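The structure that follows is given in the form of structure tokens.
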Amino acid sequence: MSQAAYDVLVIGEGVSGLTAAGALAAAGLRSATLEAQLFGGLVINVKELEPHIEGRPASGTELAAEMMQANAEAGITSIQEPVTLIRRSGEKCEVVTASGSYHSRHVIVASGARLKKLGVPGETDYEGRGVSQCADCDGPMYQNEDVIVVGGGDSALQEALVLARYFRRVHIVHRHAKFKGAAHFAKQVASNDKISVIWNATLDAILGSQMVEKARVKHADGRVQELACAGVFAYIGLEPNVNFLPSDVRRDDAGYVRTNEVFETTVPCVSAIGAVRSGYAGTLSDAMGEARRATDAVRARLT
């Protein structure tokens with residue numbers, strides 16, 4: 001098993017992780033980022049970030065690419081491997097992957113969160129064949145069809161508005177009688193003739209043959225209906241990427257990492273920032289701000 005040593009390892013190449021790594025490099029600390037999937041995190045699924053950072057790209061993909069390029073030019077190592085474990089190794093932390101282990105004086109966990117699955121029959125079977133969580137990626141493939149969006153928060157409303165550009169009809173299925181997303185998104189949805197809302201209902205199953213053909217919707221009164229559709233997009237919330245963390249890292253009831261005011265966890269050599277952290281507010285400016293404050297604290301600790 002290969003080993004390498006760094007001042008700080010950053011787990012995750014989303015906005016918070018990339019910002020932290022860039023700040024560490026600017027402070028003269030040797031750092032590397034580790035990423036299990038594609039750099040950028042959840043923002044790469046968003047074509048138009050709202051709100052976006054003034055003076056930076058409004059596209060999530062372009063913003064992530066710009067940040068990744070800047071980090072590469074700063075000499076930051078990018079390790080494309082999923083982390084399986086973090087553990088103490090004397091005064092340092094050891095980050096373990098399938099192919100190696102890496103030692104550092106400190107670890108910043110910026111692993112983010114992932115979109116929750118519906119957990120209904122057909123969801124796994126039709127993934128990539130009509131079941132998606134990226135409107136900008138897959139919407140153009142199903143033009144002039146009907147589609148279902150599940151959820152009632154900002155992400156669901158924003159993605160429904162994106163899908164309405166491509167699809168003939170967008171049905172939003174929401175378990176409550178009122179959206180929990182921002183009022184301006186709800187207003188845009190209400191004024192869009194291509195979007196209809198099915199209140200007080202849940203998606204019960206996804207059905208089809210080679211591709212998604214319909215979905216079964218269950219209403220609060222027990223009534224069941226089937227809706228013809230070419231796709232199902234679920235935006236029902238997030239869950240943190242924390243499976244690799246040691247058990248002594250304290251978390252809240254939903255599994256998000258608890259930190260103090262300078263983003264330190266209950267393990268002395270581990271900090272946490274961004275969407276993996278309990279109390280994270282959720283905007284791009286929050287992600288960048290947390291990264292900068294956390295790296296300031298780490299720098300003070302290490303130098």
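Here the structure is a predicted model, which means the values were calculated and not measured. Keep in mind that the numbers below use all heavy atoms, side chains included, and drop hydrogens, waters and symmetry copies.
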With clusters defined by side-chain heavy atoms of hydrophobic residues (ILVMFWY) lying less than 4.5 Å apart, directly or transitively, does Leu34 cluster with Val8?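 No, separate clusters.
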Are Ser31 and Tyr6 close enough that some pair of their side-chain heavy atoms sits under 4.5 Å apart?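 The answer is no, as the side chains (C-beta and beyond) never meet within the 4.5 Å cut-off.
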With rounding to the nearest 0.5 angstrom, report the CZ to OG1 distance, Arg277 to Thr259.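 So the CZ of Arg277 and the OG1 of Thr259 are separated by 4.0 Å.
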Evaluate the side chain to side chain contact (heavy atoms under 4.5 Å, CB included) criterion for residues Leu245 and Arg251: first the C-alpha distance (whole Å), next the side-chain angles of each, then the deciding distance (0.1 Å), finally the verdict. CA-CA 10 Å; Leu245 291 177; Arg251 305 166 213 192; 3.5 Å; yes
Closer than 3.5 angstrom, by distance alone: can the side chain of Tyr126 be matched with the main-chain N or O of Leu207 as a donor-acceptor pair?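 Looks like no, no N/O pair under 3.5 Å.
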Measure the spacing between NE2 of His106 and SG of Cys269 and express it to the nearest 0.5 Å.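 It is 7.0 Å, given to the nearest 0.5 Å.
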Is it true that Lys116 and Glu239 have a side-chain N and a carboxylate O under 4.0 angstrom from each other?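 Result for this pair is no, no salt bridge flagged.
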Should Gln158 and Phe185 be marked as a side chain to side chain contact (heavy atoms under 4.5 Å, CB included) after you check the CA-CA gap, both sets of side-chain angles, and the distance that decides it? CA-CA 7 Å; Gln158 285 180 285; Phe185 290 139; 3.4 Å; yes
What pair of heavy atoms forms the shortest contact from Val212 to Gly231, and how long is it?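 In this case the closest contact between Val212 and Gly231 is CG1-N, 4.2 Å.
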Between Glu159 and Ser155, a side-chain donor and acceptor under 3.5 Å: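 Absent: no donor and acceptor within the cut-off.
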Check: Arg216 main-chain N/O paired with Asp204 side-chain donor or acceptor under 3.5 Å: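 It does not hold such a pair.
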N-O pairing of Glu127 and Lys117 below 4.0 Å: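 So Glu127 pairs with Lys117 through a salt bridge.
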Same apolar cluster: Val217 and Tyr235, side chain cutoff 4.5 Å: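 Each belongs to a different hydrophobic cluster.
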Between Ile198 and Leu227, is any pair of side-chain heavy atoms under 4.5 Å apart?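 Heavy-atom side-chain distance check passes, below 4.5 Å.
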Test of understanding: clusters of I, L, V, M, F, W, Y form through side-chain heavy atoms closer than 4.5 Å, transitively. Do Val109 and Val298 belong to the same one?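 In one cluster: no.
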Looking at residues at least two apart in the chain, or sitting in another chain, which of them share a side chain to side chain donor-acceptor pair (under 3.5 Å) with Thr19?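 None.
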Side chains of Glu213 and Ser209 in contact at under 4.5 Å (non-hydrogen atoms):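 Yes, at least one pair of side-chain atoms sits under 4.5 Å.
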How close do Leu157 and Ala182 get, counting heavy atoms only, and between which atoms?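 Closest approach of Leu157 to Ala182, heavy atoms only: CD1-O, 4.3 Å.
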When you group the ILVMFWY residues by side-chain heavy-atom contacts below 4.5 Å and let the links chain together, are Ile108 and Tyr102 in the same group?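 The answer is no; the residues belong to distinct hydrophobic clusters.
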Test: Asp296 and Arg299 ion pair at under 4.0 Å: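 Arg299 and Asp296: salt-bridged.
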Report yes if the side chains of Val257 and Asp252 come closer than 4.5 Å at any heavy-atom pair, otherwise no.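 No, too far: nothing below the 4.5 Å cut-off.
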Is there a donor-acceptor pair closer than 3.5 Å between any side-chain N or O of Glu290 and the backbone N or O of Asp286?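 A pair under 3.5 Å: no.
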CA sep, side-chain torsions, deciding dist, call: Ile11, Ile86, side chain to side chain contact (heavy atoms under 4.5 Å, CB included): CA-CA 10 Å; Ile11 300 176; Ile86 298 176; 3.5 Å; yes
In Å and rounded to the nearest 0.5 Å, what is the CG to OG1 distance from Leu9 to Thr77?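 These two atoms lie 9.5 Å from each other.
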Minimum side-chain heavy-atom gap Phe233-Leu163 below 4.5 Å: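 With C-beta onward as the side chain, the pair touches.
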Please report the closest heavy-atom contact between Asn71 and Ala21, naming both atoms and the distance.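 Taking every non-hydrogen atom into account, ND2-CB, 3.8 Å.
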Would you say that Val232 contacts Leu203 through its side chain, given a criterion of any heavy-atom pair below 4.5 Å between the two side chains?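 Side chain of Val232 against side chain of Leu203, heavy atoms only: contact under 4.5 Å found.
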What are the two closest heavy atoms between Ala113 and Leu238, and how far apart are they?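 Reported closest heavy-atom pair: CB-CB, 3.8 Å.
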Leu24 side, atom CG; Arg292 side, atom CZ - distance, nearest 0.5 Å: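 Going from the CG atom of Leu24 to the CZ atom of Arg292 covers 12.5 Å.
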Determine whether Cys229 and Ile148 make a side-chain contact, defined as any pair of heavy atoms from C-beta on separated by less than 4.5 Å.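 Yes, side chains in contact.
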Decide, yes or no, whether a salt bridge links Glu94 with Arg88 under the criterion of side-chain N to carboxylate O below 4.0 Å.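 Between Arg88 and Glu94 there is no salt bridge, as every charged N stays at least 4.0 Å from the carboxylate O atoms.
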Nearest heavy atoms of Asn192 and Ala164, plus distance in Å: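 Nearest heavy atoms, Asn192 then Ala164: ND2-CB, 3.8 Å.
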Flag if over 12 foreign heavy atoms under 6.0 Å of CZ, Arg250: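 Not buried by this count: 12 neighbours or fewer within 6.0 Å.
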For Glu81, give me all partners under salt bridge (Lys or Arg N to Asp or Glu O under 4.0 Å), at least two apart in sequence or on another chain.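 Once residues adjacent in sequence are excluded, Glu81 has no partner under the salt bridge (Lys or Arg N to Asp or Glu O under 4.0 Å) criterion.
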Salt bridge check, Asp146 against Arg168: does any charged N sit closer than 4.0 Å to a carboxylate O?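 Salt bridge: yes.
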Please check if any side-chain donor atom of Asn241 sits under 3.5 Å from a side-chain acceptor atom of Ser111, or the reverse.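 The answer is no; no qualifying pair exists.
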Would Val107 end up clustered with Phe244 when hydrophobic side chains under 4.5 Å apart are linked, directly or stepwise?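 Val107 and Phe244: one cluster.
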Would you say Thr33's side chain and Val10's backbone share a donor-acceptor pair under 3.5 angstrom?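 Not confirmed, Thr33 side chain does not pair with Val10 backbone.
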May I ask you to check whether Gln80 and Glu13 show a side-chain donor-acceptor distance below 3.5 Å?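 Yes, a side-chain donor-acceptor pair sits under 3.5 Å.
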Can a donor-acceptor pair be found between the side chains of Asn260 and Glu264 at a distance below 3.5 Å?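 On atom types as modelled, these side chains qualify, holding a pair under 3.5 Å.
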Kindly check if the number of other-residue, nucleotide or ligand heavy atoms within 6.0 Å of CG (Asp221) is above 12?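 It does: Asp221 CG has more than 12 such atoms within range.
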Output side-chain donor-acceptor pairs under 3.5 Å for residues 171-178, partner residues at least two apart or in another chain, one line each.
{"from": "His171", "atom 1": "ND1", "to": "Ser196", "atom 2": "OG", "distance (Å)": "2.9"}
{"from": "His174", "atom 1": "NE2", "to": "Lys178", "atom 2": "O", "distance (Å)": "3.0"}

Roughly how far apart are Lys214 NZ and Glu226 CD, rounded to 0.5 Å?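 Lys214 atom NZ to Glu226 atom CD measures 4.0 Å (nearest 0.5 Å).
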side-chain contact (heavy atoms from CB on, under 4.5 Å) against Asp253, all qualifying residues, sequence neighbours excluded: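 Not a single residue meets the side-chain contact (heavy atoms from CB on, under 4.5 Å) criterion with Asp253.
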To check you understand the geometry: which heavy-atom pair defines the closest contact between Ser16 and Ile273, and what is its length?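 That would be O-CD1, 3.6 Å.
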Salt-bridged, Arg105 to Asp7, with N to O below 4.0 Å?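 Judged by the 4.0 Å cut-off on N to carboxylate O distance, Arg105 and Asp7 do form a salt bridge.
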Side chain to side chain contact (heavy atoms under 4.5 Å, CB included) for Cys93 and His103? Distances and angles first, verdict last. CA-CA 6 Å; Cys93 267; His103 290 83; over 6 Å; no
Within the supplied structure, the quantity of interest is the number of heavy atoms (other residues, nucleotides, ligands) at a distance under 6.0 Å from Lys194 NZ; does it exceed 12?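 Yes, enclosed.
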Listing request: all ring pair (Phe, Tyr, Trp, His ring centres under 6.0 Å) pairs with a residue in residues 193-219, at least two apart in sequence or in separate chains.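 The answer is Phe179-Trp199.
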Can you measure from CG (Asp125) to CD1 (Ile206) and round to the nearest 0.5 angstrom?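 It comes to 9.0 Å.
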Mind checking side-chain contact (heavy atoms from CB on, under 4.5 Å) for Thr84 and listing every partner two or more places apart, or none if nothing turns up?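 side-chain contact (heavy atoms from CB on, under 4.5 Å) list for Thr84, sorted by chain: Val96.
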Check each of Met68, Met288, Glu66 against Leu18 using the side chain to side chain contact (heavy atoms under 4.5 Å, CB included) test, and report the only one that passes.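 Option passing the side chain to side chain contact (heavy atoms under 4.5 Å, CB included) with Leu18: Met68.
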Check Arg169 with Glu145, please: is the shortest side-chain N to carboxylate O separation under 4.0 Å?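 Here Glu145 does not pair with Arg169 in a salt bridge, since their nearest N and O are not under 4.0 Å apart.
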